[in-house]
Amino acid sequence: VWKPSQVNYDSGTPQSFSIEYDLWQFWLTGCISVPVDIAGRRCSALVDTGCSTNVFVNDLTIESCDLAVFPLGANSVTNSPTGFCDIPALRLGPMVVAHPPCIYEQMQWQFRVLGIPLYRHRIVMLGVDFVRPFSYVLFDNTRHTIVFSPRDTFEPDAPSDWLRLPFALE
């Protein structure tokens, strides 16, 4: 039986908190990557709102963090082994998520020279289901930070800088 997810915040956590993202990775790849701790091990996680899952990891992350898995078979597209993964604790800034829903796939990005792998990349992705419970998530590319707000509503510093358009569904 999989354990239910639980979210806790450090005492004294403000209504919203910001995390500086990896500037080098942003400049090189255009991806926003934030530091997280998985089971006590420091990792870099991509915040990917195009990823439909909560948390996604690869086999190298499972191995290095010593995580439990429940295999489901092969991915129908990549033919790689895939399944569920149990993360005992994932820390993002002052927030700790115990047992977030997680999917893994046995695959890895490698940098090879003459067929010898010199670098293997641990993949951790925080998908749209991970950021959905927040009241808002602000990607601030000027300050190179992401602001997460579990409770506050978004209030811009200068409301006149923001354009308001009516929204209607027809």
Side-chain angles (χ1 to χ4, degrees), residues 5-65 67 85-105 107-111 118-169:
S5 292
Q6 184 178 9
V7 179
N8 294 308
Y9 294 90
D10 293 345
S11 62
T13 299
Q15 294 291 352
S16 61
F17 60 93
S18 65
I19 297 175
E20 193 170 313
Y21 56 78
D22 185 344
L23 192 55
W24 286 106
Q25 182 149 358
F26 181 70
W27 282 342
L28 291 173
T29 66
C31 297
I32 294 178
S33 178
V34 294
V36 296
D37 288 333
I38 295 181
R41 182 167 173 91
R42 186 69 141 193
C43 298
S44 182
L46 297 176
V47 179
D48 186 356
T49 56
C51 178
S52 62
T53 64
N54 200 304
V55 180
F56 177 87
V57 297
N58 69 344
D59 56 328
L60 193 57
T61 304
I62 290 169
E63 182 183 312
S64 65
C65 297
L67 304 175
C85 174
D86 182 38
I87 298 176
L90 185 147
R91 174 176 281 279
L92 175 67
M95 179 182 75
V96 178
V97 182
H99 309 287
C102 179
I103 295 176
Y104 79 90
E105 187 167 349
M107 62 169 198
Q108 52 193 273
W109 297 333
Q110 292 185 356
F111 175 69
L118 297 180
Y119 173 76
R120 296 178 359 170
H121 186 67
R122 280 195 315 259
I123 298 172
V124 179
M125 282 195 280
L126 306 178
V128 71
D129 287 344
F130 186 86
V131 298
R132 184 172 283 140
F134 291 99
S135 295
Y136 72 87
V137 177
L138 174 68
F139 296 88
D140 187 342
N141 289 334
T142 304
R143 294 184 182 105
H144 310 295
T145 60
I146 301 178
V147 178
F148 294 91
S149 180
R151 297 177 284 278
D152 273 353
T153 56
F154 178 70
E155 295 290 333
D157 295 334
S160 61
D161 291 346
W162 290 79
L163 180 65
R164 284 192 178 196
L165 298 173
F167 180 75
L169 292 175

With a 4.5 Å cut-off on side-chain heavy atoms, are C43 and C65 touching? yes
Value for CE (M125) from OG (S52), rounded to nearest 0.5 Å, stands at 9.5 Å
Go through the structure and list residues passing side chain to side chain contact (heavy atoms under 4.5 Å, CB included) with A89, not counting sequence neighbours. V96
Do E63 and T61 have side chains that approach each other closer than 4.5 Å (heavy atoms only, starting at C-beta)? no
Do V124 and L46 touch side chain to side chain, with heavy atoms closer than 4.5 Å? no
Would you please name every residue forming a side chain to side chain donor-acceptor pair (under 3.5 Å) with D129, sequence neighbours left out? R132
Residues that F134 engages under ring-ring contact (aromatic ring centres under 6.0 Å, His included), provided they are two or more places apart: F148
Flag the pair S5 / P101 as yes when at least one side-chain heavy-atom distance between them is below 4.5 Å, and no otherwise. yes
Can you list the residues that meet the side chain to side chain donor-acceptor pair (under 3.5 Å) rule with T145, with sequence neighbours excluded? none
Acceptor/donor pairs from residues 16-23 side chains to any protein atom, 3.5 angstrom cut, sequence neighbours excluded:
| from | atom 1 | to | atom 2 | distance (Å) |
| --- | --- | --- | --- | --- |
| Y21 | OH | N141 | OD1 | 2.6 |
| D22 | OD1 | W24 | N | 3.1 |
| D22 | OD1 | Q25 | N | 3.3 |

Report yes if the side chains of C31 and V47 come closer than 4.5 Å at any heavy-atom pair, otherwise no. no
Heavy-atom distance under 4.5 Å between the side chains of V57 and I62, does that happen here? yes
How long is the span from the OH atom in Y9 to the CZ atom in R151, to the nearest 0.5 Å? 6.5 Å
Just to verify, what does R143 make a salt bridge (Lys or Arg N to Asp or Glu O under 4.0 Å) with, not counting sequence neighbours? D140
Counterpart residues, ring-ring contact (aromatic ring centres under 6.0 Å, His included), relative to F139 (two or more places apart): none
In chain order, what residues pass the side chain to side chain contact (heavy atoms under 4.5 Å, CB included) check against T53, with sequence neighbours excluded? C51, F56, I103
Where at least one partner belongs to residues 31-44, residue pairs that pass salt bridge (Lys or Arg N to Asp or Glu O under 4.0 Å), sequence neighbours excluded: D37-R42
Between the CG atom in L92 and the CD1 atom in I38, the distance rounded to the nearest 0.5 Å is 10.5 Å
According to the side chain to side chain donor-acceptor pair (under 3.5 Å) rule, which pairs have a member within residues 95-104, sequence neighbours left out? D86-H99
Is a side-chain donor-acceptor pair under 3.5 Å present for S135 with S149? no
Salt bridge (Lys or Arg N to Asp or Glu O under 4.0 Å) pairs touching residues 5-14, sequence neighbours excluded, are D10-R91
Using side-chain heavy atoms (C-beta onward) and a distance below 4.5 Å, is V147 in contact with V137? no
Contacts of P100 meeting side chain to side chain contact (heavy atoms under 4.5 Å, CB included) (sequence neighbours excluded), chain-then-number -> N54, V55, I87, L90, V97
In Å and rounded to the nearest 0.5 Å, what is the CG to CD1 distance from D48 to I123? 11.0 Å
